[in-house]
Amino acid sequence: MVGQIVEVEAYRGKDDPASHAFRGPTPRNAPMFGEPGHAYIYFTYGNHYCLNFTTQRVGVPGAVLIRALQPVEGISLMKRFRPNVADVELTSGPGKLTKALWIDKSLNEQDLTVRGPLFVVDRGDKGLEIARSTRIGVGEHGGDKFWRFFVRGNPYISRRGGIREMTSS
DNA sequence: TCGAAGATTCTA
DNA sequence: AGAATCTTCGAA
């Protein structure tokens, strides 16, 4: 199965109260402090896995939460993992996309830069219009940061009301 | 050891 | 608008 990443959010460390790494390393967030380019996968709300791509050098916490994909290949299989949902809803959220691609904690800490069970490649797309907004689902702390990035107008991004979009630079 | 919160989703 | 559902973490 293949999907194009169309929405992400950035999370950091002690300067980011919304981050799992805000209070330092724990068993769960260990991948955020590890090698860059690896998977950080966690389970939340008793139901959902969320997939992150680690970004910083060893010892520095940082990750990008993959919030939405545009399905590209293997759509019928995604539908089997997420029955009875419209195509546009298949991967339009961090918990939705992990279910559609059958991503769980067994893939935690995978190296996403090399070909394997789960990996990311740069398609070299040019000219995509990237918009940014406040992050979704974060509380009062950290809600001021415009660290959500998405392809403007893409129908596969997650939908939720009340998002403050950055107006100008 | 216990309790509260959570980078969500689905249903009413 | 509210429930479901259970792991994780920090405090006691």
Side-chain angles (χ1 to χ4, degrees), chain A residues 1 3-56 60-71 75 77-110 112 118 120 130-151 154-166:
Chain A
M1 291 177 282
Q4 176 175 10
I5 298 170
V6 295
E7 178 183 350
V8 298
E9 282 176 2
Y11 287 88
R12 308 217 298 191
K14 59 184 192 308
D15 63 338
D16 182 4
S19 171
H20 289 165
F22 179 57
R23 294 167 195 277
T26 67
R28 177 178 63 169
N29 68 22
M32 287 186 74
F33 290 82
E35 294 271 333
H38 286 232
Y40 167 42
I41 299 170
Y42 64 89
F43 186 68
T44 191
Y45 287 106
N47 280 310
H48 311 287
Y49 292 100
C50 292
L51 169 66
N52 294 255
F53 188 101
T54 61
T55 52
Q56 301 290 93
V60 180
V64 165
L65 171 68
I66 311 300
R67 285 198 57 90
L69 302 175
Q70 175 167 342
I75 297 176
L77 188 50
M78 297 183 197
K79 284 182 174 175
R80 199 173 309 173
F81 291 140
R82 273 176 59 71
N84 305 317
V85 304
D87 284 23
V88 77
E89 300 288 333
L90 229 36
T91 52
S92 61
K96 296 178 186 176
L97 71 91
T98 52
K99 185 166 186 192
L101 300 204
W102 206 251
I103 292 166
D104 65 15
K105 232 176 163 192
S106 68
L107 295 167
N108 196 25
E109 300 191 87
Q110 275 281 323
L112 301 182
L118 179 66
V120 176
I130 308 299
R132 53 194 298 200
S133 77
T134 54
R135 292 174 295 181
I136 295 176
V138 316
E140 305 130 28
H141 293 300
D144 56 321
K145 295 174 169 60
F146 288 81
W147 287 354
R148 172 174 174 257
F149 302 84
F150 57 97
V151 178
N154 188 286
Y156 295 90
I157 63 177
S158 65
R159 282 168 238 288
R160 268 171 97 150
I163 304 307
R164 283 190 300 139
E165 186 167 331
M166 183 167 267

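On a predicted model such as this, the values are computed, not experimentally measured, just so you know. Below, read A as the first sequence line, B as the second, and so on, with proteins coming before strands; counting in each chain starts at 1.
Pairs of Watson-Crick or G-U wobble type, with distances under 3.5 Å, assemble into runs of 3 or more in DNA chain B at these ranges: B:1-6 with C:6-11, B:8-11 with C:1-4.
In this structure, the CZ atom of A:F22 is 15 Å from the C1' atom of B:dA5, given to the nearest Å. For the pair A:N29 CG and C:dT8 P, the interatomic distance rounds to 11 Å; values are reported in whole Å. Rounded to an integer number of Å, the gap from CG of A:N108 to C1' of C:dT8 is 14 Å. Between the C1' atom of B:dA7 and the CH2 atom of A:W147 lies a distance of 13 Å, rounded to the nearest Å. Summarising the geometry, the separation between OH on A:Y49 and P on B:dT9 is reported as 15 Å, rounded to the nearest angstrom. With rounding to whole Å, A:L97 atom CG is found 12 Å from B:dT8 atom P. Atom pair A:N47:CG and C:dA4:C1' shows a separation of 6 Å (rounding to whole Å applied). Put simply, NE2 on A:H48 is 9 Å from C1' on C:dA4, counting in whole angstrom units.
Look at A:Y11 and the base of B:dA7; the rings stack, centres closer than 5.5 Å and planes less than 30° apart.
Within the 4.0 Å cut-off from OP1 or OP2 of B:dA7, not a single side-chain nitrogen or oxygen of A:K96 is found. Of the side-chain N and O atoms in A:R82, one or more sit less than 4.0 angstrom from OP1 or OP2 of B:dC10.
Taking 3.5 Å as the limit, the base of C:dA4 and the side chain of A:Y45 contain no donor-acceptor pair of atoms between them.
The side-chain heavy atoms of A:N154 and A:Q70, taken from C-beta on, include a pair separated by under 4.5 Å. Side-chain atoms of A:N108 and A:R28, non-hydrogen and from C-beta on, never get closer than 4.5 Å to each other. Contact check for A:S19 versus A:M32: side-chain heavy atoms found under the 4.5 Å cut-off.
Nearest nucleotide to the A:P94 side chain, out of B:dA7, C:dC9, B:dT9: B:dT9. Residue A:K105 places its side chain closer to C:dT8 than to any other of B:dT9, B:dA7, C:dT8. Among C:dT8, B:dA7, C:dC6, the nucleotide with an atom closest to any side-chain atom of A:N52 is B:dA7.
A:F150 carries A:R148 over the face of its six-membered ring, with the cationic atom under 6.0 Å from the centre and within 45° of the normal.
Between A:E9 and the choices A:R132, A:K145, A:R67, the salt bridge (Lys or Arg N to Asp or Glu O under 4.0 Å) rule is met once, by A:R67.
Distance alone, capped at 3.5 Å, is enough to place a donor-acceptor pair between the A:T91 side chain and the A:L69 backbone.
Among the protein residues, A:K99 comes within range of no part of the nucleic acid, since none of its heavy atoms lies under 4.0 Å from any strand.
In this structure, A:H20 has its ring center no closer than 6.0 Å to that of A:Y11.
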